[in-house]
Structure formats: structure tokens, C-alpha cells
Amino acid sequence: RLGGIATVAEVFLNGEPILESASMFVSHEVDVGSRLRAWNELAIRCRALAPLLRVERRPRARWRTRLVDGKLRFFRTSLLGRAPGFAPGPAPVGPWRPVVLERRRGVVVDELALRPRLEREEGVLAVRARVRAVAGEVGPVEVELAERRTAVAGGAAELTVPSVGLWWPHTHGDPALHAFRMLAGDEVIAERRVGFRRLETSRALEDGLALRINDVPVFARGAVWTPVDFVGLAPTPAELRAALELAREGGMNMLRVPGLGAYESAEFHDLCDELGLLVWQDFMFANLDYPIDDPEFHALVEREARQVLAALAGRPSLAVLCGNSEVEQQVAMLGLDPALGRGELFGALLPRLADEADVDAVYLPSAPSGGELPFRPDRGVANYFGVGGYRRPLEDARRADVRFASECLAFANLPDDPPFEPAPRDFGADWDFADVRDHYVRLLYGVEPAELGGGRYEELARSATGEAMAEVFGEWRRRRSACAGGLILWFRDIVPGAGWGIVDHRGEPKVAWHHVRRVLAPVAVWTTDEGLGGVDVHVANDLPVPVAACLRVALYRDLELALDGAEERIDLSPRSYLQRNVESMLGRFVDAAYAYRFGPPAHDAIVVSLESTDRAELLSQAVRFPVGRPPHAEELGLEADARRCDDGLELAVRSRRLAWGVRVRVPGFVPSDNGFFVEPGRERIVRLRPREPGTAFAGGEVVALNLAEPVRVRSAG
């Protein structure tokens, strides 16, 4: 069994040809039982693509892209490693999925299809299987689920589980899975885990992708997934789990496998099922005019799609199937009819195959797609880079009326450590995404990046992109927003440098990840500037359990003097949202947003906190600066003490004046939060997890964007 070979290849066993492959995305099984010797040699010869790309082929493309070499449309291979602007190489080559010699004995399951569904409160699992005996005949075969067992007859069976535990995205509940087994006598011949959930959506191409899981609206938030190792070398199970757990910890509940990459492994999808992460799965097509009318190409694509659908159908995490990445947008932006980019492949063949495979997921022909022009953000699904690549003001996130952002918020996010460059760029553009980052440094902080020292610039640049992302998601997550979700471009960098990822190429969270995590958390508080309407406070509880909390607001002058405050006991019911206004909470007009400007501003910071009712735990916190972020670095009276706890260290940070953009640097330890702020006179607790077991504390420091000099971390034992 050859899981995948990149890209045009021939396979030989003991010098004899046994396989030719023209697709990176198709897996193969070859019966070699009669050809094996005592000693065997398997050889795989991969042809260089460069000479093949120089061969003239028909039909000619109806449109062109600058993303990659247009002749790649004839070859089923990944565009990662071949896109000069952001993934220039190396490209995957050779066996990129496992090659396995499997000796089969006894009873073999050649095909197994599990299709769970809900009928009222009952979980129903339909089973289809092709079972055979390597020698002799197949005896009675049974299937088992939740202590219920039934016989397989005619290759099919059905199991019913009353009051079944439902699968939820982790932000909204428990991703319950149930063990399934297939038995031949006492022998287990197949095992899986299945989940039951109900998936619904609105008219996605008109109203946006508004998902409902088990009858509950879900604000889908996450990122475009990048392979843990994009050249195709398989990550260890621990590395893959760590990456996906980081997405979950970051408040994300959806990952998009994009059409310019590669299909993910069964282990990836197993973990998404387990961790409660929804999957948006693109077929591996992007930007190009694919020759679907060619019979050989058509047959190759159909084989690929059938294999992908067989592997994914029935998984509870699968929410979206998308025909491609940016094909309709590519066509429309060249002034052509967007329908030209849909055609038979994306408009007929792929949705038909998905229906035949009985896939319970939303099908979209392209991303972006919908509306008169597919890239307009107020219809269907769109790639939104108004804030980000197109350097629009933060207010554009509301003005654009985004319905669902299939990609968004591209920034050259600085990692914690060098290298900081190169930054990605759109191929052919005279600017790159470092220029975009500098634009938001100017916009948010009122400083000129070129005039800053290296260290000061780097600290501001780390924070600027994260603050911009958090502002946008705060706008979109409001109840009055028409937006049903957004996916950041992208989750993890594929090469060292300041890439689009909010996680660096090593898997370390950037400061931007922490900003995003706070506003995407299942239980979160955030604020929005409503101009003459003041400052609104938003509180969300996506969890299936009630949350009793204290909502507190405080106004500060000179980042230190408490001017006014109010608090309210709130009981958040399961999966609920509430909205308050700062001045309504205070009971008087204070020009909270400093919009009327009748005189000098009375306050320069508004702190909103969501705390447990006994004040022992800070659940979520947000700060807003109505007259701009603190312009100067100064002495703040900041202190930081580290003490041991069960799984590492606990850091207590206090400050006399409001400390903003606080970053913890303790060698050998990973902080649970970074880029946060510390309210005057209050304590912020940050947990420090050792990178390696047994790591000893050997000092460290805390910095802040408005702190003149780093403060050393003291040991409290």
C-alpha cells in the first residue's frame, strides 16, 4: 500500500514495474504476493516536473494566475513549495505518505462505510462493508456499538442507540465519540469511533455560512491549516496532537485544509473528531483552469475524490466540503464571468460524488463564492483582507458587513525570536506584508516604524497585528453582527520568519495568538467603540453549562487613578450572550468613547473584567483606550514573583500603573498568557509550563509596551 507519491512516478519491485502514478493525491494498493522473494527491492522513480511543464498541452487555459506556473493545472500535485510569494520551496517529492507491506490473513475488510445520523433523540449508525476471507469462507459477521450488537447481512447493517450522547465542537459542548467494532466470531476485524451530530446551515452562497450544530448557532472561528511539515514528512503523533491542541486552546473550533496544500492524514481527522474541531475540507484545486474535459484527467480526479470522500464521510468533525480555493475569485478579478470558474468540475462532478458518498457536510463550489462577484464580503463566503492586506481602518470590519470569512486577517506576524524576515508577499506586488504590519503600527500607536529602535519596533509590531485581529473578531462576534465566522490566514508558518501564521514554524504561539485566544474563548468579555453611543461591553458563554460571574467596569485617568466603576452580578445561561453599555452600568454620562469631546478627556483607560462571583478567578478581561494607547514607556511600579505549583510555575504580576502589552520571558518555560495587561493595583496570574520535564527556574524578566526597562522575575520559592 502506497499512501501517496509526489508526483509523476513509477514503482518497481525486484526490477519489474508494478505501478505508474500521475497524482500525488491518490493512494494505491498492489497485490504482490506472487512476486515476493526471500529478499526484495522496492524502487520508486519520480520524474522531474520541470521538463514536463515545458511540454505544450491542450486545451489552452481560459484564464491565468500569477500565483504559480499555470501549467501545473495538468498535474495533480500540491502548490505549496511552488508559490514564489509565500511558499517558494522546496516542493514535496517522493513517497510523502507511508509505504506499507501488509500480509493479510483470516478475514479482511476491504471497504467499510459508517454513516451516523440522528433521528429525534436516537443515534442511528448505518454500516456498509465488503468482507472477505483470504482463504476459505467468511463466517457470521457482527457489528457492535454502545453494547448493542447486530449481524451484517448482505454487506449492510444498522444499529440504533437511544438517547445517544451528541458530538459538539469543543467551544459548545463535549465532542462525544462512541466505540464501534466489527467482529468475525470473537475476532475484531475493524474498529472506529463515531459521533452523532445534526448539521444545518442557511443558504450559504446568499446569506453566508451560518452553521447550526444540534440546533444551536455556532460562531465558527479558526484558521487555515498548514501542514506540520509542509514538505510531506509525517509529524510524530505527539507533534500533530500538540499542534491541534494549540488550535483548541486558542479558542478555535474550525480548521480549513486549503486547496493549495495536501489532504491530511487519518490521524489528523481522528484528532479533530476527538478534540471537537470542525473541519472545512477543500479539494486540492486552487486558482487554475483545470482540464476536466480531458478523459484521463477526469478519471484521475474522480478516483482522487472518491478516495477522499470515503475517508471523510461519516466523521462528525467534517462540516464543509469546498471545491477549490480562489478559482471563482481568480476568474472574476480578471473581468470574466465567475460562472466560468465553476463549470462541470466544481458545479457538477464533485457535488455529485459527495452526494453518492452520503457526506453530511455543506458543499461550496469555491472559496470565495456567492453574490454577483464572489469576493464581495456581504454575500456568501468571502476572503476578507480589508483589515490586513488592503490596509483599511479597523472600522472596515463592520462596514464591510462580512457574512463569513473563508480567509482573513493576513499579517506578517513577528515570532518571539529571530528570524523576523522574510515576510510573505503577493507575487508581483511592490509591497509585502511587512509593509502591512507597519501600517497598523502607525495606525494603532501613532509612531513611525522607521524611527523606532529595533527592540522597541519589534515589541510594538508583535502587538499591533494581534490587537488588530482581536478588534475584528470582537466586531464579528457581536450579536448584532451578520458575520457567522472567520478563518485566519493562517494557523502556522511553514518556514522561519514573520509569516502569516499566529504560530511560528516551530509550533510556538506568537503574541498574536494570545490576543486572538482571549476574544475567541468560549467564555469571553470584550468591548466595541460605538462612537456617540459610547462603549459597549459584550459577554459570551458558548459552553453548555451556566456561568455565574461578576461583570466589573473601571475607568482610569493617567493609567493609575480610579475615577469611577460599577459591577453587576450576572448569570449567563448555557450558550448565551449579553450586552451592556459602560455608561448604563455607571448610571451616568462620562463620554466613554470620547466622541463628544466637550473638554479634555476625563479618562484614558476603560477596564472590563469578568470574574468569578467570589473574585478568586479572572475569567476574561478587556481594556480600551478611548484617546489612544499609552504613547511613552515609563516606570510603572511593576513587580513579578514566581512560585512553584503542581505542573510548573505560577507567576504573579502586579503594577501600580496600568501595564499594557505585558510579555513574560522565562527561559525554559511557556507562559499561559502573553501580550496581556495588568490593571492598576491588581494581580494577574500567569502559569508557566516547562518545555522539558524537570526544567529548573533560573530567572527571567517581564517587559511591557509602556514599561521603560524590563523587570526581573523574583523567586518566591
Side-chain angles (χ1 to χ4, degrees), residues 7 22-25 49-50 52-88 91 205 224 256 258-261 282-298 300-302 304-305 321-351 363-377 379-385 389-390 406-407 410 424-430 489:
T7 292
S23 172
M24 171 179 168
F25 304 124
L49 276 189
L52 299 178
L53 291 173
R54 289 195 291 268
V55 176
E56 290 297 326
R57 289 178 169 83
R58 300 285 181 179
R60 296 186 63 180
R62 294 168 293 176
W63 67 84
R64 295 184 179 182
T65 178
R66 303 179 73 179
L67 179 71
V68 293
D69 186 332
K71 291 182 179 179
L72 284 168
R73 68 196 183 98
F74 293 101
F75 298 91
R76 298 303 299 132
T77 194
S78 175
L79 301 188
L80 285 182
R82 298 182 170 94
F86 59 89
L205 294 185
V224 177
R256 177 182 170 192
L260 50 73
D282 283 5
F283 288 96
M284 293 300 123
F285 300 96
N287 295 81
L288 300 166
D289 182 15
Y290 294 94
I292 194 61
D293 291 336
D294 178 85
E296 290 187 8
F297 189 87
H298 188 289
L300 194 60
V301 166
E302 184 166 343
E304 169 191 325
L321 278 174
C322 184
N324 65 73
S325 171
E326 296 191 349
V327 169
E328 290 186 20
Q329 172 177 284
Q330 185 74 68
V331 174
M333 284 195 163
L334 292 172
L336 303 174
D337 182 357
L340 187 67
R342 190 168 300 182
E344 179 191 355
L345 176 54
F346 308 117
L349 176 61
L350 294 179
Y363 178 79
L364 300 171
S366 185
S369 190
E372 293 180 1
L373 292 173
F375 44 82
R376 295 285 192 248
R379 292 290 185 274
V381 297
N383 292 350
Y384 174 76
F385 299 116
Y390 300 123
S406 46
E407 296 177 6
R425 72 167 59 236
D426 285 338
F427 185 69
D430 61 359
L489 183 75

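FYI, the numbering just counts along the sequence from 1. Treat the numbers as computed from the prediction; the structure is a model and nothing was measured.
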Report yes if the side chains of [X] and [Y] come closer than 4.5 Å at any heavy-atom pair, otherwise no.
X: Asp294; Y: Arg57; value: no
X: Leu345; Y: Phe283; value: no
X: Phe375; Y: Asn383; value: no
X: Pro365; Y: Leu205; value: yes
X: Val331; Y: Arg342; value: no
X: His298; Y: Glu344; value: yes
X: Glu326; Y: Ser366; value: no
X: Leu340; Y: Trp63; value: yes

Shortest non-hydrogen separation from [X] to [Y] and the atoms involved:
X: Ser78; Y: Gly261; result: OG-O, 2.9 Å
X: Ala87; Y: Leu80; result: CB-CD2, 3.9 Å
X: Leu72; Y: Leu288; result: C-CD1, 4.0 Å
X: Ala286; Y: Val327; result: C-CG2, 4.0 Å
X: Arg82; Y: Pro84; result: O-CD, 3.4 Å

> Ion pair present between Arg256 and Glu407, side-chain N to carboxylate O less than 4.0 angstrom?
Replying inline: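 Counted as a salt bridge, because a side-chain N and a carboxylate O are separated by less than 4.0 Å.
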Are any side-chain N or O atoms of [X] and backbone N or O atoms of [Y], one a donor and one an acceptor, separated by less than 3.5 Å?
X: Thr7; Y: Ser23; value: no
X: Asn324; Y: Asn287; value: no
X: Ser369; Y: Pro374; value: no

>> Run the side chain to side chain donor-acceptor pair (under 3.5 Å) test against Thr65 and tell me which residues pass, sequence neighbours left out.
In response: Gln330
>> Applying ring-ring contact (aromatic ring centres under 6.0 Å, His included) as the test, list every pair that has at least one member in residues 330-351; sequence neighbours left out.
In response: Phe285-Phe346
[X]: partners by salt bridge (Lys or Arg N to Asp or Glu O under 4.0 Å), with sequence neighbours left out:
X: Arg76; value: Glu304
X: Glu296; value: none
X: Arg62; value: Asp289

>> Exactly one of Val381, Leu350, Asp282 should register a side chain to side chain contact (heavy atoms under 4.5 Å, CB included) with Cys322. Which one does?
In response: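 For Cys322, the side chain to side chain contact (heavy atoms under 4.5 Å, CB included) test succeeds with only one of Val381, Leu350, Asp282, which is Asp282.
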>> As a test of understanding, state which of Phe74, Phe75, Tyr290 forms a side chain to side chain contact (heavy atoms under 4.5 Å, CB included) with Phe297.
In response: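 Answer to the side chain to side chain contact (heavy atoms under 4.5 Å, CB included) test with Phe297 among Phe74, Phe75, Tyr290: Tyr290.
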> Once you round to the nearest 0.5 Å, how far does CD of Glu328 lie from CE of Met333?
Replying inline: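 The CE atom of Met333 is 13.0 Å from CD of Glu328, to the nearest 0.5 Å.
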>> Nearest 0.5 Å, please: how far is CG in Leu52 from NZ in Lys71?
In response: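 Spacing of NZ (Lys71) from CG (Leu52) equals 11.0 Å.
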> Run the side-chain contact (heavy atoms from CB on, under 4.5 Å) check on Glu302 and Leu349 step by step: do they pass?
Replying inline: CA-CA 8 Å; Glu302 184 166 343; Leu349 176 61; 4.2 Å; yes
> Should we say atom CZ of Arg64 is surrounded by more than 12 heavy atoms from elsewhere, each under 6.0 Å from it?
Replying inline: no
> Can you name the residues that form a side chain to side chain contact (heavy atoms under 4.5 Å, CB included) with Arg54, not counting sequence neighbours?
Replying inline: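 Listed in chain order: Ala50, Pro51.
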